[in-house]
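Working notes for the structure below.
In this chain, residues are counted from 1 in sequence order. As the structure is a prediction and not an experimental result, all values here were calculated from the model. What's counted below: heavy atoms across the whole structure, side chains too, no hydrogens, waters or symmetry copies.
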Amino acid sequence: MIYIFNRNGVCLLYRERNRPLHTLNPQQDHKLMFGLLFSLKSLAAKMDPTSADKGNLGVPQLPGQGCSFHTFRTSTYKLSFMETPSGIKFILVTNPRTSDLRETLKYIYNLYVEYVARNPLYTPGTPIRCEVFNTAVNQHVRSI
């Protein structure tokens, strides 16, 4: 699965492959994923041993501020995460045995910049409907 969220929690893109069980409707799924990211980012910042200023748990931080996380793994899936300086969040949910996906997330971000952010017809904050971007992302995700 791939999710792309803007800084306000709006899901700009959601794609899934090989998901045998659908327990939530898409809107609930998006809210749950964004809430999980918000909580994990907040916890990582609060637990940061290198920062004296811990802030308040649950208070949003600016992108790039404080400690961040890149991945976590359970027995059934692995979540890989990257946030850009502008607050765009890229999430891949894969098999738990998948290797480090930071380069893959950077590649998808570069596709986003090339085909979405630079597209004069795209309105920021709206779902991504660029077929060239979708095709390129789907081809790359299939290869991992």
Heavy-atom closest contact (Pro127 atom, Tyr122 atom, distance): O-CE1, 3.9 Å

List the atom of Ser75, the atom of Pro96, and the distance in Å for their closest heavy-atom pair. O-CG, 3.7 Å

Could you check if a side-chain atom of [X] sits within less than 4.5 angstrom of a side-chain atom of [Y], using non-hydrogen atoms only?
| X | Y | value |
| --- | --- | --- |
| Thr126 | Leu12 | no |
| Val137 | Arg15 | no |
| Leu13 | Phe133 | yes |
| Phe5 | Ile91 | yes |
| Ile128 | Tyr115 | no |
| Phe90 | Thr84 | yes |

How many angstroms lie between atom [atom1] of [X] and atom [atom2] of [Y], to the nearest 0.5 angstrom?
| X | Y | atom1 | atom2 | answer |
| --- | --- | --- | --- | --- |
| Thr104 | Met82 | OG1 | CE | 10.5 Å |
| Leu101 | Thr94 | CG | OG1 | 5.0 Å |
| Leu105 | Lys89 | CG | NZ | 13.5 Å |
| Arg129 | Thr123 | CZ | OG1 | 11.0 Å |
| Cys130 | Arg118 | SG | CZ | 13.0 Å |

Please determine which of Leu40, Thr71, Leu36, Leu92 meets the side chain to side chain contact (heavy atoms under 4.5 Å, CB included) test together with Leu79.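 The option that passes is Leu36.
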
With side chain to side chain contact (heavy atoms under 4.5 Å, CB included) as the test, pick out the partner of Met33 among Tyr14, Tyr3, Phe38.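 For Met33, the side chain to side chain contact (heavy atoms under 4.5 Å, CB included) check succeeds only for Tyr3.
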
Hey, does the side chain of [X] reach the backbone of [Y] with a donor-acceptor pair shorter than 3.5 angstrom?
| X | Y | answer |
| --- | --- | --- |
| Asn8 | Val10 | no |
| Lys78 | Ser99 | yes |
| His140 | Ala136 | no |

Only one of Arg102, Lys41, Arg7 clears salt bridge (Lys or Arg N to Asp or Glu O under 4.0 Å) with Glu83; which?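 Considering Arg102, Lys41, Arg7, a salt bridge (Lys or Arg N to Asp or Glu O under 4.0 Å) with Glu83 is found only for Lys41.
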
